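Sequence lines set the chain letters: A, B, ... in the order given, protein chains first and strands last, and positions in each chain run from 1. All of these numbers come straight from a predicted model, not from anything done at the bench.
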Amino acid sequence: MSRLATTILLFGFLLFILFWRLDEPSGPLSRTRMLMGTVVEIRVDDPEPERFRDAVTAAFDEMARIERLMSLHLAKSEVSRISRAGEPVEVSAETATVLRTALKVSVASDGAFNPGLGRLIRLWGFTDGEPRVPSKMEIEEALVGIGPESLTLEDGKLFKSDRSITIDLGGVAKGYAIDRAVEMLSAAGVKHASVNAGGDLRLLGDRDGTPWRIGIQHPRKKDAVLATLSVADRAVVTSGDYERFFEQAGRRYHHILDPYTGYPAERCQEVTVVADSAALADALATAAFVLGPEKGLELLQKTEKVEGLIVAADGQVVFTSGLQEIVQWP
Amino acid sequence: MALRQIWARMTRLDRLIVVSVAFLCLLLFIGIGLSRPGETVEVYRDGELVFRAPLQEERTVPLEGSLGTTSLMIEGGTARIVDSPCPYKVCVGMGAIDHSGEIIACVPNRLLVRVVSQDESGKEPGYDLLSR
């Protein structure tokens with residue numbers, strides 16, 4: 001073979017190798033851990049994400065710390081201690097912050113979201129024990145004295161109108177843990193990241209110059225999305241009747257309980273809320289789900305810097321006016 | 001033209017080799033561009049990767065968790081949990097997964113099964129994250 005042909009051959013081969021090397025992806029750093037009864041995924045999209053490995057571990061540890069502080073299932077947690085207390089009880093600054101968000105939404109929603117629902121939730125067995133439909137009498141007993149004014153926070157002390165009221169911060173505590181994880185990542189210098197706790201999301205920055213595209217689960221089609229939102233630096237939380245449920249005597253009972261009736265709320269299939277914090281988004285999503293499409297939409301509209309969409313029980317979709325700018329329908 | 005001169009100086013065999021190599025390179029480029037690396041099943045226990053296998057290799061795998069053995073079945077390009085020592089078997093009820101990003105979690109047994117695609121651009125949905 002001539003020298004020229006050999007040169008061309010070699011050149012072709014080098015080009016091929018170069019192309020191959022360039023093609024190798026340097027993807028985002030993504031890690032998962034099981035926390036708060038769900039799967040939490042933290043993803044860092046910054047260039048050279050490996051340098052933030054320790055920051056991601058610290059963010060997970062922070063979420064685990066908040067779980068230990070606010071879980072109702074851990075007897076030593078602060079929330080368990082508050083729940084047992086009869087007298088006005090001092091709460092840590094951190095738990096007070098979460099309680100304030102919860103109580104604010106409770107008042108704004110006229111009690112549709114209620115952080116004093118622990119007794120009722122335990123009765124239905126959604127979080128521990130075998131889920132079952134309680135008797136009418138049991139439900140009525142669990143609802144006694146749990147109105148929106150039954151809990152007040154003054155000078156770092158929590159006042160309960162009835163000592164048997166059990167606090168369940170549920171989703172709001174999870175939302176707060178997500179918010180704290182994002183703060184930790186941001187403090188470590190991360191610019192583009194997402195924290196996803198079982199579908200409750202908060203985004204740090206944009207993805208890489210473009211907004212994150214967030215699919216909203218279709219409430220009745222497992223493999224489909226209802227809409228896609230383009231968002232950056234915000235929290236997106238969805239509450240749906242398909243998430244956790246059980247069946248008894250041919251009827252389906254889901255986990256979002258209506259504090260007025262004591263039974264699963266029936267006015268919605270799904271609510272998605274976009275807000276600055278995951279804690280607020282979570283409380284609002286639950287409240288709007290209980291209130292239904294009309295009053296729920298009113299609540300979302302009147303809350304500042306909040307957008308959202310509601311799928312009513314009949315499948316009809318309503319949404320806040322500002323959502324139009326960030327939503328794409330399939 | 002220099003190229004024409006080069007071409008004229010080549011023997012027939014040289015030309016054959018050059019054309020074949022060029023053709024081969026083209027095929028490889030197209031092959032790399034179009035073929036998606038197979039999807040892979042990963043199993044994590046407490047955040048540690050404990051098992052990894054292509055979704056195309058059929059098998060049943062015993063996975064040790066904190067409560068006991070969970071059985072993972074890989075069949076027909078999908079992964080599902082067929083047996084678990086956890087009390088409510090939510091993980092068994094979650095059915096089969098086959099798309100990149102899909103997850104089956106058995107929280108009581110501390111196991112997480114997920115499908116990953118080595119090629120992120122091969123991710124099929126039109127979104128980055130799913131809110132549910």
Side-chain angles (χ1 to χ4, degrees), chain A residues 1-2 4-6 8-9 12-13 15-16 19-20 23 25 27-28 30-34 37-39 41 43 45 57 60 129-131 194 196 198-201 203 207 211-219 222-223 225 228-229 236-240 242-244 246 270 272-274 328 330, chain B residues 3 5-7 9-11 13-18 20-26 28-29 32-33 37 42 44-49 87-88 90 94-95 98-99 101-114 116-132:
Chain A
M1 202 182 348
S2 75
L4 205 75
T6 317
I8 292 174
L9 242 172
F13 181 67
L15 253 179
F16 171 64
F19 192 92
W20 202 353
D23 204 36
S30 169
R31 283 178 57 201
T32 27
R33 213 189 268 188
M34 280 191 204
T38 191
V39 180
E41 178 174 43
R43 173 178 146 165
D45 274 64
T57 304
F60 275 128
E130 188 88 39
S194 63
N196 178 357
D200 291 356
L201 313 167
L203 311 158
R207 199 185 154 193
W212 296 85
R213 294 162 308 157
I214 307 301
I216 307 296
Q217 172 71 50
H218 193 291
K222 189 182 173 268
D223 293 325
V225 292
T228 313
L229 306 180
V236 183
V237 172
T238 298
S239 282
Y242 51 84
E243 283 175 288
R244 263 203 323 253
F246 68 94
E270 180 180 68
T272 296
V273 174
V274 182
Q328 288 104 48
Chain B
L3 262 177
Q5 281 171 7
I6 292 165
W7 190 254
R9 283 173 60 186
M10 283 184 185
T11 66
L13 188 65
D14 284 345
R15 289 173 192 168
L16 185 72
I17 290 169
V18 168
S20 316
V21 167
F23 186 66
L24 200 72
C25 277
L26 195 75
L28 280 167
F29 283 147
I32 286 170
E42 290 182 348
Y44 292 83
R45 184 175 55 227
D46 288 329
E48 296 289 317
L49 183 68
Y88 307 122
V90 176
M94 288 175 92
D98 56 356
H99 288 110
E102 281 190 305
I103 280 174
I104 303 175
C106 181
V107 177
N109 210 19
R110 314 293 297 170
L111 291 170
L112 173 73
V113 181
R114 65 186 305 176
V116 290
S117 165
Q118 275 127 21
D119 179 10
E120 279 291 311
S121 64
K123 235 176 172 179
E124 146 252 327
Y127 54 81
D128 306 315
L129 295 157
L130 185 65
S131 179
R132 60 191 161 81

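Of the inter-residue distances, the one linking B/L129 atom CG with A/L229 atom CG reads 11.5 Å to the nearest 0.5 angstrom. Distance CD1/B/I103 to OG1/A/T38: 8.5 Å, rounded to 0.5 Å. Here CG of A/L201 is found 5.0 Å from OG of B/S131. Values are rounded to the nearest 0.5 Å. In this structure, CD1 on A/I216 lies 7.5 Å from CG on B/L130, to the nearest 0.5 angstrom.
B/A105 approaches A/M34 most closely through the heavy-atom pair CB-CE, 4.4 Å. Of all heavy-atom pairs spanning B/D128 and A/R207, the tightest one is OD1-NH1, 2.8 Å.
Within the 4.5 angstrom heavy-atom criterion, only side-chain atoms of A/V39, from C-beta onward, approach chain B. Only the side chain of A/Y242 comes within contact range of chain B, with heavy atoms under 4.5 Å apart. The part of B/R114 that comes within reach of chain A is its side chain, from C-beta onward, which places non-hydrogen atoms under 4.5 angstrom from that chain. At a 4.5 Å heavy-atom cutoff, the contact between A/T32 and chain B is made by backbone and side-chain atoms alike. With a 4.5 Å cut-off on non-hydrogen atoms, A/V225 touches chain B through its side chain but not through its backbone.
Of the listed residues (A/R33, A/E41, A/R31), the one with the most heavy-atom contacts under 4.5 Å to chain B is A/E41.
In this structure B/R132 satisfies the salt bridge (Lys or Arg N to Asp or Glu O under 4.0 Å) test with no other residue, sequence neighbours excluded.
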